[in-house]
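When a ligand or atom number is given, it counts from 1 through the structure's own listing order.
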Amino acid sequence: MTALGSVQGSPHTRLLGVGSYRPSRIVPNSEVIEAIDSSDEWIQQRSGIKQRRWATDEETVEMMSIEASRGAIEEAGIQPEQIDAVVVATVTHLLQTPALAPMLAHKLGTQRAAAFDISAACAGFCHGIALGSDMVRAGSARHVLAIGVERLSDITNPLDRGTAFIFADGAGAAVIGPSDEPGIGPVVWGSDGEQYDLITQTEDWRYAIQCASPHMPTLAMQGNQVFRWAAFEMAKIAQQALDRAGVSVDDLDVFVPHQANMRITDAMARAMKLPDHVKIARDIAEQGNTSAASIPLALDRMREDGEAKSGDIALFIAFGAGLAYAAQVVVVP
Ligand code: COA
């Protein structure tokens, strides 16, 4: 039998660069509550959100992705043609096909990089990091660009008091490449499809069209159940990611959970008994919940503020619709 040729990648990987894009329009709670029975005080107390950013017409998923990606590529110190694969995590590229990734791969100047979208909602960015890292280790790519981008304002019902104040827009990106030392720990990921209906689109596109619905389908969420799942179950996943990477909470410098709700972040930090020296991402206060973009946006904010620096050990954990989740320990670029 003829033996097939095989490839081998780098034994280790790391994040070579991270970039992000924040939309220009700041939307304070006072604007959101014009349409719902709520208050600035309630929103801040229950979610930690003071304001969020919603994209303007010009700030498309394509435009925001390109801006975030350019920052990541520049920091990585590589040329776009060195990128072999582009993985885009999003649920708000509102074309069923084609995916957003091939257009981005072209516009960024890659040489026909493999390019595809993944749908893992708020957990998407950590899925992209895991895929990218495994691709570089397996040898199917040397540099992977993982993007998380959302315009959740497009699919949020401004009259729904359970979701209108939470969701927001933005983009983040990371370049994953080979490394001499381990820079991305093993992923711990999974799903709980039994709770599939806790965060969903209100109806599928075909049904909406058949019913001649005057509105686009939007997001519906059973917030209380999502909250309990995230606050109690996700700390266990985060701990497993630490264990698999062979580090303890004492070794951690930075904790960057998906920015879903400040109280979920606090509950996880308490459950994991994070020591005081660990800096915790709290970007949700200014940015809202940007789903697949929230982790790179939050990390970038911490780097800008000097709370995270190159070489720090950071724990990422992302979770959301599906229900789907993924966590890994990384070295900050
Ligand atoms: N403004 C004011 N009051 C509101 C409100 C709003 N926007 N939404 C709900 N309430 C009221 C309810 O009517 C209820 O009042 P009652 O006690 O008089 O009946 C009370 O607040 C509690 O409602 P509940 O739905 O239990 O709120 P909550 O404490 O669970 O907070 C969320 C709501 C959405 C903030 C919270 O459930 C949450 O953050 N969930 C997770 C969301 C999330 O992370 N989603 C993304 C996952 S990726």
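Of all the listed residues (Tyr325, Trp42, Phe227, Phe167), Trp42 holds the heavy atom that lies closest to atom 33 (C) of ligand 1. By heavy-atom distance, the residue among Ile33, Asn224, Leu198, Asn289 lying nearest atom 24 (P) of ligand 1 is Asn224.
Residue-to-ligand polar distances keep Ser39 apart from ligand 1: every N/O pair is separated by 3.5 Å or more. For a threshold of 3.5 Å applied to N or O pairs, the pair formed by Gly223 and ligand 1 contains at least one separation below that value.
There is a protein heavy atom closer than 4.0 angstrom to atom 9 (C) of ligand 1. Contact annotation for atom 15 (O) of ligand 1: protein absent (non-hydrogen atoms, distance under 4.0 Å). The protein does not reach atom 19 (O) of ligand 1 closely, with no heavy atom under 4.0 angstrom from it. Inside a 4.0 Å radius of atom 2 (C) of ligand 1 there is at least one protein heavy atom. By the definition of a contact as any protein heavy atom under 4.0 Å away, atom 37 (O) of ligand 1 is in contact.
With a heavy-atom cut-off of 4.0 Å, Cys122 touches ligand 1 through its side chain alone. Neither the backbone nor the side chain of Ile43 has a heavy atom within less than 4.0 Å of ligand 1.
Using a cut-off of 4.0 Å between Lys/Arg side-chain N and Asp/Glu carboxylate O, Glu181 and Arg14 are scored as not salt-bridged. Using a cut-off of 4.0 Å between Lys/Arg side-chain N and Asp/Glu carboxylate O, Asp169 and Arg151 are scored as not salt-bridged.
Taking 4.0 Å as the cut-off, Ile166 counts as a neighbour of ligand 1 on heavy-atom distance.
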